[in-house]
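Residue numbering restarts at 1 for every chain, and letters A, B, ... go by the order of the sequence lines.
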Amino acid sequence: MTQGDTFPLNEPPVSYAAICCPYRDLVLLKSVIALSEAQGVARWQYVQSPQPSSSRPDLLVIGADRSSAQATPLPPNLDPEQVVLWIGEAPTLNNAHRVFQCKTPLHAFQLAEQLREIVAAVRQHRQRSVLTTLPQNFLLQEAAAHTSLENLMVKLLRWPPVESFSRVSENEDRAFWRMASMLSARCMTVADLSRRTDCPRSICLEFLHRLSINGYVELQSVGSAATEQPALPEPKTAPASPAPGGMRGLLRRIRIGLGLASA
Amino acid sequence: MTAKPQPTAHAEPSPSTITDEMRTRAKYVLKLFLEKFGGEGGVRSAAIAAVDGFDIAVVAMSEEEGKKLSALSSSISAIGDMAASEVGIGDHHQSITIESERGYVFILKIPHPLCPMILCINTSKESMLGKLLYYAKQVAAKMCEP
Amino acid sequence: MLEHKILFTGTVGAGKTTAIQAVSEIPVVLTDVQTSDPSIGKESTTVALDYGEISLGQSERLRLYGTPGQERFAFMWKVLAQGALGLVILIDNSRPNPAQDLALYLDHFQTLIRNTACVVAITKTDAGTNAASLRTFSDLMQKKQLIYPIIVADVRERQQVLRILDLLLVQMEVRQ
């Protein structure tokens, strides 16, 4: 039994509906979902089979009983944004669909593993949806308590999960990884982060917003006692050879030597 | 190419290349060596180890000391091979002598066909190294006998 | 000649030698010997060090050292850590308890990494590896009050090894 995560208390439950599910599979599904909630993976909410007029559930489970009279939304009718758990042989879908699969006969262990992945996919989708509307809403709320964003020091509390880094463009993906690595070494302001990564502030804020939703960063005022960073200790195993141009020069030459100079 | 141990019919883990027979023989030859060169001869302790640092037999030292010496000798031996090869004096070293204030550590290759090993000897400054080397090579030859 | 060093450590078979080979300008110098312990799943193992290098100019070079993976060679870890600019820890995710493996290296190299930089690269991940299993590594680090980049990498690919080194350099750069 893996150690469960603790879902944020104010996170809305993951809604799910099931169609074409044999009774046995539906009972097993609901039991494993209940266990998943008890383990702290996420809160869940079962909804009746989706109606055209109702909002789409976060997860649609399509069971193995395809002979059922219920309508089965097969591609291309399936909403490309819909997260789907397909039980049995899944059709080939394009990359726009997020489809998870469990083979038949259905087993609890296999289902539990897929549910963790599904929760991560749902959270990622929710973050994207929020970011396309008000990407700075959290930070703006925080900034209201301070004089300006310039005075916010960002502190990384733990290394963020892989889903925080997924972006459409490879360049922005790379920027996110570098931002997180910088923050792992020291706290810095949003302006510093933007300058060091050569990324627009909006991209930095988007990344920080993703991290802040799940509590991976903390924002503090510059100059507050809490943000006083102790001086970095003198390295006990510092390189013996002095480097021309100091450490900055050395790191620059290493980047050139590795072919990473454009970073 | 050294033959790899085959799994048993019941799919148990492959046996180590260090056999009980090897261990028994190693213990025996080291005991004889110590009887000949211990005491006034200057040899304080000795060990035979696999080249990857696992101890096979030790005499006149604790098991813990034997494990440490085996691992250390393995690393030194491997670096010796690297040095010989890089400098161009051969593919492998044959022996390495470390001299310090209170004695020597002597490392000799044992080119066993199935399980290459190293002989490590801790000896005092009074030892006659030439004679020691001669008999150490006999120990190595004994270990390589079928 | 000015010499600088980056160290690669991690579990047996995690890919230390492979990672160095992917970026070294010279053929990697090895101290591989035949194993007597079949449980490690390899025919040979590093017992002293791997060595590769990258030229930084006419009179300067970056040395890439790989340590032996097994704990009985921990004396070599201490020797090789002297003067290193940073550490890459490679963890073989197919082993029985990779989080415990990571804890071993974080503990042994804590002095080095607290003063320099570190990247943890998880290798040999497969279709069964998921975000939850990767979270065990960041959970472990959080318990030790450490934060270092944790990435999944195939160290047979040069670009992926360069990505690891990029993140190492990024940490060193912000400390200046």
| field | Nearest non-hydrogen partners of A/Leu258 and C/Leu162, listed with the distance | value | O-CD2, 3.6 Å

| request: Would you list the pairs meeting ring-ring contact (aromatic ring centres under 6.0 Å, His included) in which at least one residue belongs to residues 106-126 of chain C, sequence neighbours left out? | output: C/Trp77-C/His108, C/Trp77-C/Phe109

| said: Please find the pair of heavy atoms, one from A/Trp159 and one from C/Ser138, that lie closest to each other, and give the distance. | reply: O-CB, 3.8 Å

| request: Could you tell me which non-hydrogen atom of A/Gly257 sits nearest to which non-hydrogen atom of C/Leu56, and how far apart they are? | output: CA-CD2, 4.3 Å

| task | Taking salt bridge (Lys or Arg N to Asp or Glu O under 4.0 Å) as the test, write out the residues that go with C/Arg163, two or more places apart. | result | none

| request: Answer with side chain, backbone, both or neither: which region of A/Leu183 has an atom nearer than 4.5 Å to a non-hydrogen atom of chain C? | output: neither

| query | Which pair of non-hydrogen atoms, one from A/Ser181 and one from C/Leu167, has the smallest distance, and what is that distance? | reply | OG-CD2, 3.3 Å

| Are C/Glu173 and A/Arg196 close enough for a salt bridge, meaning some N to O gap below 4.0 Å? | no

| task | Specify the closest pair of heavy atoms between C/Ile147 and A/Arg158, including all atoms of both residues, with the distance to one decimal. | result | CD1-N, 3.9 Å

| said: Which heavy atom of C/Leu169 sits nearest to which heavy atom of A/Leu251, and what is that distance? | reply: CD2-CD2, 3.9 Å

| Which atoms of C/Gln142 approach chain A - backbone, side chain, both or neither, heavy atom under 4.5 Å | side chain

| For A/Ile256, is it the side chain, the backbone, both, or neither that has a heavy atom closer than 4.5 Å to a heavy atom of chain C? | neither

